[in-house]
Amino acid sequence: MEVLRIENLTKVYPGGKRAVDGLSLSVREGEICAFIGHNGAGKSTTIRAVCGVMGFDEGEIRVDGISVREDPLACKRRIAYLPDHPALYPFMTGDQFIALTADLYGVGAKERAERTERYAAMLGMTDRLGDLIDSYSHGMRQKTAVIAALVHQPRLMVLDEPFVGLDPEAAYHLKRVMRELCDQGSAIFFSTHVLEVAQKLCDRVVMIRGGRLVAQGTMEEIAGDRSLEDVFMEEALHD
Amino acid sequence: MTDWIRGTGLLLRIRLLRLAGVNSLIHGHDRRQRLRALGTLALCLLVCAMAVGYSAVYMIALSEMGALDAAAHVYAIVIAMLAFGAVGLKGPALIFGGDDVEMLRAMPVPTAAIAASRLLSVLLPELLFALLIAVPAAVSGVCLGMEPGKALRFAAAMLLIPALPTAAALMVGVLVSWVTRRMRHRALVSGVLSMALMALVLSGVMALGAASGTGSITEQLLMVKLGRAAELVRGLYPPADWAYQAMNGHAAGFAWLLLSAAAALAAVCLFVTLGFTRVCDALASASARSGVRRVRVRCLSPVLALLGKEWQRLVSCGVYMMNTMMGAVLIVLMAAAVCVMNLRPYVGMLRFVPVIGGQALALLPLIPAFAAGVMQPTACAVSLEGQQMVLLRAMPVRMRDWLGAKVLLALCLYVPALLAGGAVAVWRLGLSGAPAALMMIYPTCAAAFAAVCSLAMNLLFPRFDWEQEVQAVKQGAAVLLAMLIGLLTQIAVAALAIVTGRAVLVMGAAAGVQLVGAAALFALLCRRPMPE
């Protein structure tokens with residue numbers, strides 16, 4: 001079953017710049033899909049449109065069959081969004097921010113406590129969640145955002161450069177958690193510049209350039225015996 | 001030496017261009033950014049014009065009171081207080097903080113040049129402000145008959161006054177910054193202290209006004225009190241007396257003033273240039289103690305969860321707290337004053353107020369309504385979301401819950417103060433019937449209306465790209481428009497009440513209209529999409 005379906009997505013910024021131009025892709029249950037492209041290719045624009053953060057001009061985006069345009073709240077209840085620079089509330093502690101997220105997503109008390117402790121222990125944040133977010137490093141903010149994203153067990157997790165700023169141990173655990181989430185029937189759609197991680201972790205790859213789809217398919221279909229980096233560079237030089 | 005001078009000049013130029021939005025005005029690439037920079041510059045010019053105007057007018061006031069000779073003491077105290085306040089609040093952050101400190105320290109620029117440029121960027125505006133106060137005052141003095149030489153000596157003395165308070169403020173500011181950075185709730189502590197200080201000043205002013213209003217202070221007594229105040233100042237703040245002596249041609253006074261200014265400037269230059277690296281590192285490394293985890297197990301509804309967030313934001317931001325809670329503090333102070341004062345003379349006097357006449361008591365609810373109308377937290381509550389707006393847009397948050405939390409915060413701040421103040425006024429003034437009911441109901445309805453109108457203004461004119469909260473809280477079209485609407489609404493009600501001669505009826509109807517209007521406007525706002 002498709003968790004995310006994007007059809008003919010187009011976004012034009014004021015001034016005429018076509019950030020995304022007729023993009024179509026899908027992500028199924030249990031899949032981890034890497035979204036790769038050069039800087040300015042339209043990855044963040046696409047991700048923001050999927051999460052309802054930004055509107056779009058043409059096309060359709062459906063999460064679990066629900067249109068983002070027609071019922072944005074229902075879609076957002078199913079999505080967890082992790083931006084590349086998580087702008088968390090600096091005046092809150094990690095615990096308070098996670099509690100706020102859990103309240104907004106309607107997570108019960110017992111479940112939120114269990115999940116918070118579990119993911120905090122996994123990511124090494126147990127002793128720091130009582131501190132103000134203002135005192136956190138970038139990596140710690142990233143980890144707190146991950147815990148807050150996972151506390152409501154989303155159907156679709158959308159991440160923009162999730163591994164930037166994470167220490168190796170945290171990155172390892174995040175990959176583990178992503179795989180676990182997919183094994184439970186959710187899907188993950190994430191953008192990354194670290195192609196080695198994408199190659200090892202992902203089931204599908206979507207490659208875009210200039211807002212347009214360049215390639216889409218399983219890792220075997222796209223890369224075969226070659227590295228994803230070679231495929232990406234070949235596409236880049238092809239232009 | 002050449003590197004040092006060149007580095008200082010280049011860095012100082014950058015810092016001065018940043019002041020008053022000049023650089024954004026020159027290089028801003030979109031119209032909105034340029035308009036905003038123009039607004040900032042216009043505001044700065046307005047403040048300068050006001051300083052010039054007040055300075056000149058105050059000299060006239062002193063002359064009319066026959067106290068022109070007290071000018072040196074008065075202006076010295078004012079300039080010293082302004083310098084101390086401005087530098088104490090902003091100086092440490094401007095000199096030792098900023099995102100560019102690390103970048104500059106990694107460049108081949110002498111640390112002394114970085115330090116000197118930042119120090120000069122603080123001292124030069126202080127000097128300019130002292131100039132804007134001293135010169136108009138001196139010119140005004142000459143027009144009022146002061147000897148030109150005396151006026152010139154007065155102006156020169158005033159230019160030397162800021163040095164000592166600036167140096168003191170900087171040292172104290174650095175110490176306070178270092179201590180408070182270790183406090184977990186430093187914004188709340190500083191906000192409460194600031195409001196306590198303002199409440200103290202307001203109480204003193206109100207007490208003095210009340211005393212003069214009931215005739216227990218005459219003009220002669222005021223002059224005696226001014227004289228006593230001058231004696232006190234002489235004892236506590238010698239530079240004011242030196243300024244007085246310098247103005248009157250005593251070389252010793254001028255010499256002491258010059259010496260103290262030079263010593264203060266030398267001390268602050270040494271402190272900043274030699275201690276720059278150490279102080280930057282000390283302030284950067286100071287952080288609040290680790291907090292004990294307090295995990296909340298109780299689930300809250302989305303609106304209450306968001307209200308909790310709004311409350312936390314309020315108490316974490318001193319300038320937001322000060323700007324929005326002062327209205328409630330003022331109402332509480334007025335209620336306290338009503339409790340302790342003898343109101344008979346005032347009630348008697350009200351009957352003789354022209355135009356208003358016998359309706360004065362019925363119009364009293366307008367006073368707390370004014371206070372609640374012009375200082376609403378919702379005027380900047382949307383802008384204060386800042387970069388976190390993206391977070392909210394990605395979450396399943398209904399507009400009704402998001403906006404409702406903001407309005408609820410405003411009502412939680414104002415309604416208890418309004419009800420308590422109204423109850424005290426009813427009791428002390430012996431009101432009954434409709435006027436008594438209006439004293440409680442009208443300000444509450446006005447506060448609700450002002451909260452929703454201010455929210456509407458902020459939704460129409462949001463500002464998310466602020467770097468410091470003060471830009472969202474004090475600047476921007478939304479805040480000004482919200483204040484204007486709050487003011488004009490109550491003026492319109494007052495005018496209608498006076499013109500028709502039916503204050504109780506008009507205010508009753510106005511309360512209803514404002515309440516219904518608030519509900520209708522809120523419903524309309526909930527249908528809008530979240531701002532991008």
Side-chain angles (χ1 to χ4, degrees), chain A residues 14-15 47-48 50-55 71-83 85-113 116-117 120 126-132 134-136 145 148-149 152 158, chain B residues 29-30 181-188 285-317 320 384-402 405 464 469 529-532:
Chain A
I47 281 174
R48 288 161 74 98
V50 165
C51 297
V53 171
M54 184 189 285
D71 198 350
L73 282 182
C75 290
K76 288 175 186 180
R77 280 191 196 102
R78 287 159 168 75
I79 299 175
Y81 172 45
L82 198 69
H85 288 96
L88 309 185
Y89 296 109
F91 50 84
M92 288 181 145
T93 62
D95 277 321
Q96 286 168 341
F97 177 72
I98 294 165
L100 173 68
T101 310
D103 286 330
L104 293 175
Y105 280 91
V107 181
K110 196 175 159 217
E111 291 88 353
R112 72 172 67 177
T116 304
E117 291 312 314
T126 309
D127 293 336
R128 292 307 306 265
L129 286 182
D131 296 340
L132 290 174
D134 194 26
S135 66
Y136 286 1
H152 60 95
V158 181
Chain B
H29 60 272
D30 72 58
R181 274 186 74 82
R182 279 160 169 73
M183 287 183 185
R184 199 174 161 78
H185 300 292
R186 54 184 173 270
L188 182 61
S285 65
S287 61
R289 284 193 307 270
S290 285
V292 173
R293 282 189 71 190
R294 287 189 190 91
V295 181
R296 174 166 57 78
V297 290
R298 191 170 42 99
C299 299
L300 294 176
S301 64
V303 69
L304 288 180
L306 290 166
L307 176 63
K309 181 205 73 163
E310 293 296 324
W311 176 255
Q312 278 180 286
R313 187 198 303 283
L314 177 74
V315 300
S316 72
C317 178
Y320 185 31
L384 279 172
E385 297 286 2
Q387 294 172 0
Q388 284 86 32
M389 198 65 224
V390 168
L391 265 181
L392 278 172
R393 285 186 61 84
M395 291 196 200
V397 174
R398 293 185 300 183
M399 274 297 265
R400 193 178 75 193
D401 293 332
W402 182 52
F464 298 118
E469 286 99 341
M530 255 194 203
E532 280 192 33

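Throughout, a chain's letter reflects where its sequence line sits, starting with A, and its residues are numbered from 1.
Using a 4.5 Å cut-off between heavy atoms, A:R48 contacts chain B through its side chain alone, with no backbone atom that close. Using a 4.5 Å cut-off between heavy atoms, A:Y89 touches chain B through backbone and side chain atoms alike. Heavy atoms closer than 4.5 Å to chain B are found nowhere in A:V158, neither backbone nor side chain. The contact between A:T116 and chain B is made entirely by side chain atoms (from C-beta outward), counting heavy-atom distances below 4.5 Å.
Heavy atoms of other residues, nucleotides or ligands lying less than 6.0 angstrom from CD of B:Q387 number 12 at most.
Note on B:A394, B:S316, B:P302: by heavy-atom pairs under 4.5 Å with chain A, the leading option is B:A394.
The shortest side-chain heavy-atom distance between A:D103 and B:L306 does not fall under the 4.5 Å cut-off.
The two residues B:V397 and A:L104 have their closest heavy-atom pair at CG2-CD1, 3.8 Å. Closest non-hydrogen pair, A:V53 versus B:E532, comes out as O-CG, 4.1 Å. Closest of all the heavy-atom pairs between A:A109 and B:C299 is N-SG, 3.3 Å. In this structure, A:T101 and B:M395 approach most closely via the heavy-atom pair OG1-CE, 4.0 Å. Taking each heavy atom of B:Q388 and A:P90 in turn, the nearest pair found is NE2-CD, 3.8 Å.
One finds the CD atom of B:Q312 at 7.0 Å from the OG1 atom of A:T93 (value rounded to the nearest 0.5 Å). Summarising the geometry, atom CZ belonging to B:R393 is positioned 6.0 Å from atom NZ belonging to A:K76; distances are rounded to the nearest 0.5 Å. Here the CZ atom belonging to A:F91 is positioned 10.0 Å from the CG atom belonging to B:L314, to the nearest 0.5 angstrom.
Scored by the side chain to side chain contact (heavy atoms under 4.5 Å, CB included) test, B:V315 finds B:L188, B:W311 as partners (sequence neighbours excluded).
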